[in-house]
Amino acid sequence: MTMDARRRHFLKAAGASAVTGALSFAPWSNMTALAATTTFTPDVEIELAALPDELQLLPGAPTAVWRYVGRVLKGPADAVQSLPNSYAGPILRLRTGQKVRIRFKNQIRQPSIVHWHGLIVPEQADGHPRHAVPSGGEYVYEFEVRNRAGSYWFHPHPHGDTGTQVYGGLAGLFLVSDDEERAARLPEGERDISIVLADRTFDRSNQLVYESAMGGGMMGGMTGFFGERILANGRPSLSFPSAAGAYRVRLLNGSNSRIYRIARSDRKPLVAIASDGGLLAAPVTKPFLVLGPAERAELWIDFYDASSGSKIALVAEPLDFGGAGMGMMGGMMGRGTRTQTAAPSSFAQFTVGHGAGRQKLPERLATLAPAQIPPGTQRREFALTQGHMRWGINNRTFQMEEVAPDERIRFGDTEVWEFSNRNSMMPMPHPMHIHGVQFRVIERIGTPPDLQGMQAGYLDGGVKDTVLVQPGERVRVLLSFKDYRGLFLYHCHNLVHEDMGMMRNYRVA
C-alpha cells in the first residue's frame with residue numbers, strides 16, 4: 001500500500017463524516033442519553049456542543065475541524081473560557097465542591113460521548129463508550145467536582161473512533177481550583193497560561209490527514225499516528241509579550257500517540273509545580289520534562305532576571321519509535337518501520353518586557369501524604385501484550401461490557417497495580433490511564449539502560465491518572481477505590497492502540 005493510499009483518511013469539509021475506515025459504531029442497547037434529574041441542583045450548568053467548523057490555521061485554505069463550543073446556562077460567566085482563533089478548548093473552570101450539570105449535544109456525524117479525563121465522577125458521568133449518543137443526540141452529565149485543584153481535560157470516548165475525533169479537534173481543559181491552591185499564591189490571570197500540545201499532518205489543501213487504527217496499514221496501526229507538525233492550542237505557535245515576572249504554565253500532551261521532551265530554549269532547568277492530579281508537595285527542578293499522551297504538568301517560569309527584549313521559548317522535541325527523529329529513544333524498535341517525523345518545535349515564545357516585581361516561588365505547595373502501601377494490599381499485574389497484530393492487556397481486547405474475574409474490585413479497597421511492558425516482539429511505550437481514580441507511582445523496575453536517562457524528566461512524585469510505561473519496564477501504582485461503585489475503563493492512551501482494543505473494563509462493587 002502506498003503512502004497516499006494509506007492517507008485517505010481526511011476531514012474533507014466542515015460537517016463531513018471524518019476518517020473513512022474508522023471502526024463502525026455498534027448500536028448498544030443502553031446508549032439512551034442520561035436525562036437531567038429533579039433531585040440534582042447544580043451550582044453551574046453548561047451546554048457543550050461538538051460540531052463541525054472551518055478555521056484559518058495555515059496560510060491558504062481554511063481547515064475543516066471538529067470543535068467543542070460551550071456556554072454557561074447557570075453560574076459564573078467565567079466557567080467557560082473560549083480560545084480565540086483556535087479549535088482547541090473551551091476551558092472549563094470549576095471549584096472543588098461545586099455541583100455541575102453539563103448538557104452535551106453531539107452535532108458531528110459520528111456517535112460520540114465525553115470523558116472527563118482525571119475527574120472522579122460516577123459511572124454514568126464518566127463517558128464510557130456504551131453511553132455514546134448518535135449524531136443529533138444529547139447526554140446530560142451531573143456530578144460534584146471532588147478532585148483537588150489541578151489541570152484536567154475532556155475528550156471524546158466512543159469505541160473505535162476516539163482517535164479520529166480527538167484528532168479532528170475535540171479536546172478541552174477542565175481546570176479545578178480550591179482553597180489549598182489559592183493559599184499557594186501562584187501566578188493568576190494573564191500569568192496563568194494553558195497550552196495543549198498536539199501533532200497534526202495537513203495535505204496540500206490544508207486539510208487534516210489521519211490514519212485511523214484500522215486504516216494505517218498493519219504496522220501503522222501498531223505504532224500509532226505521528227503528525228508532521230506540532231501545534232499549540234491548535235495554532236502553529238504561540239507568542240506572549242511577558243512582563244519580567246513569574247508565570248504559571250499548564251501543559252497537556254493532547255497528541256494521539258506522540259511523546260514529547262519539553263525544555264527551555266535558553267537551557268535553564270524547568271521548575272515543575274504540578275502533575276496530572278494537581279500540585280506537588282513542593283517545587284521540583286527538572287532538566288527537562290517527558291510527557292506521554294494525556295499527561296499534564298505545570299511549570300513555574302520566572303523572567304524576573306531576564307533582560308528586557310530577550311526571547312525565551314518552550315521547545316517540544318518529539319520522541320518517536322521506528323524511524324528518524326527518535327531522539328533519546330534510540331532505535332529500539334525494528335528498523336524500517338515508517339513514522340511521520342516532526343521537527344522540534346518552539347511552541348511558546350515569551351518576549352520579556354519591563355519588570356513586574358519578584359514573586360517568590362513557594363517552598364511548599366500542597367499537603368501530599370507519602371505513598372505508603374498498607375499491609376495485605378491486593379496486587380494485580382496487567383501485562384501489555386501483542387498478538388495477531390493487535391494490542392491487548394493480559395492478552396484480552398476490549399469488549400463493551402465484559403469484566404474478567406481478575407478485573408473485579410471491592411469498593412473501599414486499596415490496591416497495587418503493576419503494568420508490565422515486556423513484549424519482545426514489538427517494544428513500544430504505552431501511556432496507561434485508569435478511569436475513576438487518581439494514583440501514585442510507587443516504582444519502576446527493569447528500565448533498559450538506554451531509556452534510563454528519560455527518568456529525569458518524569459513527574460512520578462505527584463498524583464497521577466496516566467503513566468508512561470516504557471519497553472522492558474514494570475511500573476507499579478498505588479490506588480484506592482473509595483469514591484464510586486460501577487464499571488470503569490483502563491487503557492493505553494496511545495489512541496490508535498485504544499481504538500484497536502487495548503482497553504478493558506474493571507468493576508467496583
Side-chain angles (χ1 to χ4, degrees), residues 91 93-96 117-118 147-153 173-197 232 238 240 242-253 260-264 266 268-292 294-306 312-316 347-348 350 356-371 438-441 455-468:
I91 299 174
R93 295 180 179 272
L94 280 297
R95 285 186 57 82
T96 302
H117 186 117
N147 289 64
R148 62 201 295 260
S151 301
Y152 309 95
W153 65 301
L173 286 167
F174 194 116
L175 306 184
V176 177
S177 60
D178 64 14
D179 292 339
E180 185 176 51
E181 175 195 54
R182 178 167 296 183
R185 301 180 64 85
L186 301 174
E188 56 186 10
E190 293 183 352
R191 295 174 180 273
D192 183 352
I193 296 170
S194 300
I195 302 176
V196 179
L197 289 175
L238 300 174
F240 301 97
S242 307
Y247 285 76
R248 177 184 188 176
V249 179
R250 306 172 191 251
L251 298 175
L252 159 67
N253 181 355
Y260 297 102
R261 179 183 186 269
I262 310 295
R264 286 177 54 143
D266 58 4
K268 288 187 176 181
L270 299 173
V271 178
I273 58 174
S275 60
D276 297 351
L279 294 176
L280 304 173
V284 175
T285 300
K286 295 281 184 179
F288 55 86
L289 283 179
V290 173
L291 291 182
E295 289 188 299
R296 287 92 67 206
E298 297 185 23
L299 303 176
W300 175 287
I301 300 181
D302 197 341
F303 301 115
Y304 182 80
D305 294 326
I312 300 171
L314 289 175
V315 179
F347 62 88
F350 298 85
R358 180 178 291 278
Q359 183 173 354
K360 185 178 179 181
L361 174 67
E363 294 182 3
R364 303 295 299 174
L365 295 166
T367 300
L368 204 59
Q438 293 278 311
F439 56 76
R440 305 291 295 276
V441 178
Q455 295 189 35
Y458 294 151
L459 283 179
D460 283 351
V463 178
K464 300 279 289 174
D465 54 59
T466 307
V467 63
L468 187 62

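Worth knowing before you read on, the calculation uses all heavy atoms, side chains too, and leaves out hydrogens, waters and symmetry mates.
Although no hydrogens or angles enter the test, the distance criterion places a donor-acceptor pair under 3.5 Å between the side chain of Arg191 and the main chain of Ala246. Remark: side-chain polar atoms of Lys464 are paired, donor with acceptor, to backbone N or O of Thr466 under 3.5 angstrom. Although no hydrogens or angles enter the test, the distance criterion places a donor-acceptor pair under 3.5 Å between the side chain of Gln438 and the main chain of Gly118. A donor-acceptor pair under 3.5 Å links the side-chain atoms of Asp276 to the main chain of Asp465, judged by distance alone. Ser177 contributes no side-chain N or O that, together with a main-chain N or O of Arg95, makes up a donor-acceptor pair within less than 3.5 Å. One N or O on the side chain of Arg440 and one on the backbone of Ala369 form a donor-acceptor pair closer than 3.5 Å.
Ring planes of Phe350 and Phe240: parallel class, angle under 30° (limits at 30 and 60°).
Listed by chain and residue number, nothing satisfies the salt bridge (charged side-chain N to carboxylate O under 4.0 Å, His left out) test with Asp178 (two or more places apart in sequence, or in another chain).
Put simply, CG on Leu468 and CG on Asp460 are 9.5 Å apart, with the number rounded to the nearest 0.5 Å. Of the inter-residue distances, the one linking Phe174 atom CZ with Leu252 atom CG reads 14.5 Å to the nearest 0.5 angstrom. To the nearest 0.5 Å, the span separating CG on Leu251 from CG on Leu197 amounts to 6.0 Å.
Across Arg248, Glu298, Arg296, a single residue satisfies side chain to side chain donor-acceptor pair (under 3.5 Å) together with Ser151, and that is Glu298.
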**Request:** Take Leu238 and Ile193 through the side chain to side chain contact (heavy atoms under 4.5 Å, CB included) test and state the conclusion after the steps.
**Result:** CA-CA 11 Å; Leu238 300 174; Ile193 296 170; 5.9 Å; no

